[in-house]
J.: 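This structure is in structure tokens; I'll ask about it shortly.
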Amino acid sequence: MTEQSQDVSGRHAAGARRTQRRSRPSAVRVALRVLGALVSTVMFVLSGYAWYNYSTLNRNLNTVAVVGLGSSGAPSGAPTATDTGAAQNLLLVGLDSRAGLSSAEKRRLHLGQDDLSISTDTIVLVHIPANGQKATLVSIPRDSWVHIPGFQPDKINAAYADGCCNQEDAISPKDAQQKGASKLVSVVKALTGVEIDQYVQIGFAGFEEVVKAIGTVPVNLCQSVSDRYSGFSMTAGRHNLTARQALAFVRQRHNIPGSLTDDYGREERQRYFLRQAFSSIASADTLLNPVKLHRLIDAIDDAITFGNPNVDLAKFADQMSNLSAGNITGTSIPTHGSNAEYGLIVHPAEVRAKVRALFYPAPSTPSSTSPTSATSSNSTPPKRSCVY
């Protein structure tokens, strides 16, 4: 081969190598574009699936027309709300009902065999501001001694039973539920001084069903605990609660360590659990998992009763899309001791002032950020990283 031909051959070989080098980045770019298209397609399908599920959610909800639900969510003189997308107050009610559970399931869940019990042992008032970026929970102890219109003064957890079960004529279960919920709403409104926009009720069986749909709920216990009444027994530290463990956790009110006792300890646990459960539901693991999302929506349809037939949960979920578990705070209403006859003593005027300060605080001023005002009795106590 001549020197000239060798030179030409060398140039061709070098050019081929340069062409190969140029083609590799081009191939990478094509692959990335294909991958991006696949990811976009998957996200589109998932978002479409989520939209389909949310759009069917409202059509399958259990609802009753609770009397007394307002549309402002505010006391006189406070900012008002007229629809979803504005400030709202929700009344969350845990009904001490064993309906739908077999004797074996009652024993497994440590619920006893009292099939006639319909006390409302969990009563939590929730305020969601218009921007949906935070939530404030106020627990109302079940033994709070209150006036129940049309009946003798009693513990507040008797209001539902008074409303639904003291009827002269036989009524359907749904009508009884509507009357019981309406009576409880009227009592809570009178005690707290705020309107209620939505009523949300769940029983033991429904609670377990919803937690099963979520999967597990993470908790961090400050101390080890064992309680034979609720069946909750667990070491200190971090755990992922199953549905059965979660029900025992929120029901326990005996043998809670630390400074908390009886219903106060249980109420703090319930508020803590709501924060943790919300965090699990709002995670990508739930919202972007078609199977888990479908199970959760089915559980909501089956297990929860809403008191406003016009509720639009899809819009409400969109309103709360910026809410994080760290922005969910809470406390209990003020009480003044108890006695065997009357339960917990509450002063309605004091309760109203506290709830209004928490739900509708006055605009911030330079003096309101002083160390003194930051520790006022109306402030929400700081959250611990663990719970007793």
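None of these values were measured; they are calculated from a predicted model.
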J.: State which residues pass side chain to side chain contact (heavy atoms under 4.5 Å, CB included) with Pro309; sequence neighbours excluded, sorted by chain then number.
T.: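 Residues passing side chain to side chain contact (heavy atoms under 4.5 Å, CB included) with Pro309: Thr63, Ala65.
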J.: Can you name the one residue among Val200, Val126, Ile123 that meets side chain to side chain contact (heavy atoms under 4.5 Å, CB included) with Leu91?
T.: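 Answer after filtering Val200, Val126, Ile123: Ile123.
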J.: Can you list the residues that meet the side chain to side chain contact (heavy atoms under 4.5 Å, CB included) rule with Leu296, with sequence neighbours excluded?
T.: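 So Leu296 forms a side chain to side chain contact (heavy atoms under 4.5 Å, CB included) with Val210, Ala213, Ile214, Ile281, Thr286, Ile300.
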J.: What residues form a side chain to side chain contact (heavy atoms under 4.5 Å, CB included) with Asp302, not counting sequence neighbours?
T.: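 Here the qualifying residues are Glu209.
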J.: Nearest 0.5 Å, what's the OH-CG distance between Tyr199 and Asn308?
T.: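 These two atoms lie 13.5 Å from each other.
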J.: Under the side chain to side chain contact (heavy atoms under 4.5 Å, CB included) test, which residues partner Gln177, sequence neighbours left out?
T.: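 Partners of Gln177 under the side chain to side chain contact (heavy atoms under 4.5 Å, CB included) test: Val64, Tyr160, Gln201, Thr305.
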J.: Do you know which two heavy atoms are closest between Leu184 and Ile156, and how far apart they sit?
T.: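 Heavy atoms of Leu184 and Ile156 come nearest at CD1-O, 4.1 Å.
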J.: Is it the case that the side chains of Gln270 and Thr122 hold a donor-acceptor pair, with the cut-off being a distance below 3.5 Å and no angle test?
T.: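 Yes.
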J.: Under the salt bridge (Lys or Arg N to Asp or Glu O under 4.0 Å) rule, collect the residues that match up with Arg142, sequence neighbours excluded.
T.: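 Testing Arg142 for salt bridge (Lys or Arg N to Asp or Glu O under 4.0 Å), a comparison that skips the adjacent residues, returns Asp121, Asp263.
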J.: Assess the residue pair Phe232 and Leu221 against the criterion (side chain to side chain contact (heavy atoms under 4.5 Å, CB included)); give the C-alpha distance rounded to whole Å, side-chain angles, the decisive distance to 0.1 Å, and a yes or no.
T.: CA-CA 12 Å; Phe232 187 74; Leu221 294 179; 4.0 Å; yes
J.: I'd like to check the ring pair (Phe, Tyr, Trp, His ring centres under 6.0 Å) partners of Phe306; sequence neighbours left out, ordered by chain and number.
T.: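 None.
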J.: Look up atom CG in Leu323 and atom CZ in Phe278, then write down how far apart they are to the nearest 0.5 Å.
T.: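 These two atoms lie 4.0 Å from each other.
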J.: Please walk me through it: do Arg244 and Glu208 pass salt bridge (charged side-chain N to carboxylate O under 4.0 Å, His left out)?
T.: CA-CA 7 Å; Arg244 176 181 176 182; Glu208 187 181 24; over 6 Å; no
J.: Closest approach of Gly307 and Leu69, non-hydrogen atoms and distance?
T.: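 So the two residues come closest at O-CD1, 3.2 Å.
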J.: Hydrogens and angles aside, do Arg266 and Ser139 bring a side-chain donor and acceptor to less than 3.5 Å of each other?
T.: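 No donor-acceptor contact under 3.5 Å links the two side chains.
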J.: When you check the side-chain N and O atoms of Glu350 and His336, is any donor under 3.5 Å from an acceptor?
T.: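 Distance-only check passes for Glu350 and His336.
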J.: Could you tell me which non-hydrogen atom of Val211 sits nearest to which non-hydrogen atom of Ala246, and how far apart they are?
T.: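 In terms of heavy atoms, the two residues are closest at CG1-CB, 4.1 Å.
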